[in-house]
Chemist: 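Provided herewith is a single structure, encoded as C-alpha cells, for subsequent inquiry.
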Amino acid sequence: MEFIFPSKATKPPRYKCGTTKICPENHFAFKMASGAANVVGPKICVEDNVLMSGVKNNVGRGINIALVNGKTGSMVDTKFFDMWGGDVAPLIDFLKTIKDGTIVLMATYDDGATKLNEESRKLISELGSTSITNLGFRDNWVFCGGKGIKTKSPFEQHIKNNKDTNKYEGWPEVVEMEGCIPQKLD
C-alpha cells in the first residue's frame, strides 16, 4: 500500500501584504484598499506591515494617508482628514510638511472629496496623482505616489460614485491595488 502525501506546492505561496507576486530587489511590496461605503475602513499595508486599518483603529472618514520612508520602507506617520465635516486646512498643512523621498499612500473612506479645494488637489497631484483633479463626492480612490516624484504615479485606482453602477446604496465598490514601489537608493 502506497501513501500519497499532498505536495506542499499545491498551496499558493504567501507574499508580503498578501500580494499576488514577489517584488524584485530594491522594491517595497504594498497592498491597499479604499473603504467600503461608510462601514468598513480602508487598509494600507507596506512590506507586510499593516499601517492603517479599521482593526488598528487609525482610519477615519475622508482621506487616509500613510507616509513611508522611501529608503527603508518603514512607517513615518499616518493620519486621516475628514473631507465631509472637517476642514481642508489641516490636510494642506500636512501635505506641505512631507519630505522629499517619502512614499505617500492615500485611500478614501466614505467621502474624500467634498472639502478638497484647488490648493489641496494641486499638492496631491504633485505627489504623482492624476485622478485627484476629478475626485468627487463619495468616489472611491487609492493612490501611491511620492514627494519629489518627477512623473505621474502608475499606482492609482479611482471609481466614480454613480447611482446606476454603485455596488452599495450610495457608494461604489471598494477599490484595491497592489504593487512594488521602487526603493529610493540615492
Side-chain angles (χ1 to χ4, degrees), residues 12 14-24 27-83 91 94-95 98 101-113 116 120-121 123-132 134-136 138-147 149 151-161 167-168 171-184:
R14 184 185 176 308
Y15 301 121
K16 290 177 181 173
C17 292
T19 58
T20 55
K21 63 180 176 93
I22 195 162
C23 286
H27 284 72
F28 302 122
F30 80 94
K31 188 171 186 175
M32 56 196 300
S34 67
N38 60 350
V39 182
V40 179
K43 185 174 180 181
I44 299 175
C45 177
V46 176
E47 282 295 286
D48 241 7
N49 296 312
V50 176
L51 307 182
M52 298 186 84
S53 71
V55 173
K56 289 184 76 89
N57 202 24
N58 66 346
V59 295
R61 177 172 72 182
I63 297 180
N64 292 262
I65 304 176
L67 302 181
V68 171
N69 182 308
K71 289 184 177 170
T72 66
S74 59
M75 186 182 81
V76 175
D77 200 1
T78 62
K79 284 207 174 11
F80 60 88
F81 299 90
D82 185 347
M83 294 292 104
L91 170 64
F94 181 76
L95 293 171
I98 300 171
T102 303
I103 298 164
V104 183
L105 302 102
M106 299 187 180
T108 56
Y109 179 29
D110 189 354
D111 174 42
L116 288 177
S120 58
R121 289 177 191 267
L123 288 166
I124 294 169
S125 72
E126 287 170 359
L127 299 170
S129 171
T130 50
S131 296
I132 193 64
N134 306 314
L135 193 67
R138 287 188 178 170
D139 287 0
N140 273 341
W141 173 69
V142 289
F143 163 71
C144 174
K147 180 71 175 206
I149 192 170
T151 56
K152 291 303 171 194
S153 172
F155 302 121
E156 188 166 35
Q157 298 287 327
H158 178 208
I159 297 182
K160 293 296 275 179
N161 171 18
K167 181 171 182 178
Y168 310 106
W171 287 272
E173 65 184 290
V174 170
V175 282
E176 292 183 293
M177 181 173 66
E178 66 174 57
C180 303
I181 309 161
Q183 181 182 7
K184 188 169 172 53

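Hydrogens, waters and symmetry mates play no part in the numbers below; they use all other heavy atoms, side chains included.
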Chemist: Judged by modelled atom types alone, do His158 and Asp139 share a side-chain donor-acceptor pair under 3.5 Å?
Modeler: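 Indeed, the side chains of His158 and Asp139 share at least one donor-acceptor pair under 3.5 Å.
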Chemist: Show, in sequence, the C-alpha distance, side-chain angles and deciding distance for Ile103 and Cys144, and conclude whether the side-chain contact (heavy atoms from CB on, under 4.5 Å) test is met.
Modeler: CA-CA 7 Å; Ile103 298 164; Cys144 174; 3.9 Å; yes
Chemist: Residues two or more places apart in sequence or in another chain: which of them pass side-chain hydrogen bond (donor to acceptor under 3.5 Å, both in side chains) with Ser125?
Modeler: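 With sequence neighbours excluded, Ser125 shows a side-chain hydrogen bond (donor to acceptor under 3.5 Å, both in side chains) to no residue whatsoever.
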Chemist: May I ask you to check whether Ser131 and Ser129 show a side-chain donor-acceptor distance below 3.5 Å?
Modeler: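 No donor-acceptor contact under 3.5 Å links the two side chains.
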Chemist: Which atoms form the tightest heavy-atom contact between Asn140 and Ser34, and what is the distance?
Modeler: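 Reported closest heavy-atom pair: CG-OG, 3.4 Å.
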Chemist: Could you tell me the separation between the CG atom of Leu105 and the OG1 atom of Thr78, rounded to the nearest 0.5 Å?
Modeler: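 Nearest 0.5 Å value for the CG-OG1 distance: 11.5 Å.
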Chemist: Please list, chain by chain and in numerical order, all residues satisfying ring pair (Phe, Tyr, Trp, His ring centres under 6.0 Å) with Phe81, sequence neighbours excluded.
Modeler: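 In terms of ring pair (Phe, Tyr, Trp, His ring centres under 6.0 Å), with neighbours along the sequence ignored, Phe81 is linked to Phe94.
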Chemist: Under the rule for side-chain hydrogen bond (donor to acceptor under 3.5 Å, both in side chains), what residues qualify as partners of Asp77, not counting sequence neighbours?
Modeler: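 With sequence neighbours excluded, Asp77 shows a side-chain hydrogen bond (donor to acceptor under 3.5 Å, both in side chains) to Lys79, given in chain and number order.
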Chemist: Testing Leu51, Val46, Val142 for side chain to side chain contact (heavy atoms under 4.5 Å, CB included) with Met32, which one passes?
Modeler: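 Among Leu51, Val46, Val142, the one meeting side chain to side chain contact (heavy atoms under 4.5 Å, CB included) with Met32 is Val142.
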Chemist: Side chain to side chain contact (heavy atoms under 4.5 Å, CB included) with Cys23: which residues, sequence neighbours excluded?
Modeler: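 Listed in chain order: His27, Ala29, Cys180.
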Chemist: For Glu156, enumerate each residue passing the salt bridge (charged side-chain N to carboxylate O under 4.0 Å, His left out) test, keeping only those at least two apart in sequence or located in another chain.
Modeler: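 In terms of salt bridge (charged side-chain N to carboxylate O under 4.0 Å, His left out), with neighbours along the sequence ignored, Glu156 is linked to no residue.
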Chemist: Just so I know, are the side chains of Leu95 and Ile124 near enough to count as touching, which here means a heavy-atom distance under 4.5 Å?
Modeler: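 In contact.
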Chemist: Please report the interatomic distance NZ(Lys43) to SG(Cys17), rounded to the nearest 0.5 Å.
Modeler: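 Rounded to the nearest 0.5 Å, the NZ-SG separation comes to 8.5 Å.
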Chemist: Going by salt bridge (charged side-chain N to carboxylate O under 4.0 Å, His left out), name the residues that satisfy it together with Glu176, two or more places apart in sequence or in a different chain.
Modeler: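 With sequence neighbours excluded, Glu176 shows a salt bridge (charged side-chain N to carboxylate O under 4.0 Å, His left out) to no residue whatsoever.
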Chemist: Rounded to the nearest 0.5 Å, what separation is found between the CD1 atom of Ile98 and the CD1 atom of Ile65?
Modeler: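 Here the interatomic distance stands at 6.0 Å.
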Chemist: To the nearest 0.5 Å, what is the distance between CG (Asn58) and OG (Ser53)?
Modeler: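 Between atom CG of Asn58 and atom OG of Ser53 there are 6.0 Å.
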Chemist: Please name all residues satisfying ring pair (Phe, Tyr, Trp, His ring centres under 6.0 Å) with Phe28, sequence neighbours left out, ordered by chain then number.
Modeler: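 In terms of ring pair (Phe, Tyr, Trp, His ring centres under 6.0 Å), with neighbours along the sequence ignored, Phe28 is linked to no residue.
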Chemist: Side-chain contact test, heavy atoms from C-beta onward, threshold under 4.5 Å: evaluate it for Val50 versus Ile44 and give yes or no.
Modeler: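 Of all side-chain heavy-atom pairs linking Ile44 with Val50, none is under 4.5 Å.
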Chemist: I'd like to know if the side chain of Arg138 and the backbone of Asp111 have a donor-acceptor N/O pair within less than 3.5 Å.
Modeler: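 Absent.
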Chemist: Could you give the distance from CD1 (Ile149) to OG1 (Thr102), rounded to the nearest 0.5 Å?
Modeler: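 Answer for the CD1-OG1 pair, Ile149 versus Thr102, is 12.5 Å.
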Chemist: Which residues pass the salt bridge (charged side-chain N to carboxylate O under 4.0 Å, His left out) test with Lys147, sequence neighbours left out?
Modeler: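 Listed in chain order: nothing, the list is empty.
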Chemist: Sequence neighbours left out, what passes side-chain hydrogen bond (donor to acceptor under 3.5 Å, both in side chains) with Ser120? Give chain and number order.
Modeler: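 So Ser120 forms a side-chain hydrogen bond (donor to acceptor under 3.5 Å, both in side chains) with Asn117.
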Chemist: Taking atom NZ of Lys16 and atom CD of Glu47, what is their separation to the nearest 0.5 Å?
Modeler: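 That separation rounds to 3.5 Å.
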Chemist: More than 12 heavy atoms of other residues, nucleotides or ligands under 6.0 Å from NZ of Lys152: yes or no?
Modeler: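 More than 12 within 6.0 Å, yes.
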Chemist: Which heavy-atom pair separates Leu127 from Met106 by the least distance, and what is that distance?
Modeler: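 It is CD1-CE, 3.7 Å.
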Chemist: Suppose we screen for side chain to side chain contact (heavy atoms under 4.5 Å, CB included). Which residues come up paired with Val59, at least two apart in sequence or across chains?
Modeler: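 With neighbours one apart ignored, the set is Pro42, Met52, Asn64.
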Chemist: Could you give all pairs that pass the salt bridge (charged side-chain N to carboxylate O under 4.0 Å, His left out) test and reach residues 48-74, with sequence neighbours left out?
Modeler: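 Qualifying pairs, neighbours excluded: Arg14-Asp48, Arg61-Asp82.
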Chemist: Might you point out which heavy atoms bring Phe30 and Ile181 nearest each other, and give the distance in Å?
Modeler: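 What the structure gives for the nearest pair is CD2-CG1, 3.3 Å.
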Chemist: The criterion is salt bridge (charged side-chain N to carboxylate O under 4.0 Å, His left out); which residues satisfy it with Lys31, sequence neighbours excluded?
Modeler: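 For Lys31 there are no salt bridge (charged side-chain N to carboxylate O under 4.0 Å, His left out) partners, ignoring immediate neighbours.
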Chemist: Could you tell me whether the side chain of Thr108 and the main chain of Trp141 form a donor-acceptor pair under 3.5 Å?
Modeler: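 Yes, Thr108 side chain to Trp141 backbone: donor-acceptor pair under 3.5 Å.
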Chemist: Looking only at heavy atoms, what is the nearest atom pair of Ala107 and Ala33, with distance?
Modeler: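 Scanning both residues completely, I find the closest heavy atoms to be CB-O, 3.9 Å.
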Chemist: With distance as the sole test, does Glu178 use its side chain to make a donor-acceptor pair with the main-chain N or O of Thr20 at under 3.5 Å?
Modeler: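 Checking the backbone N and O of Thr20 against the side chain of Glu178, a donor-acceptor pair under 3.5 Å is found.
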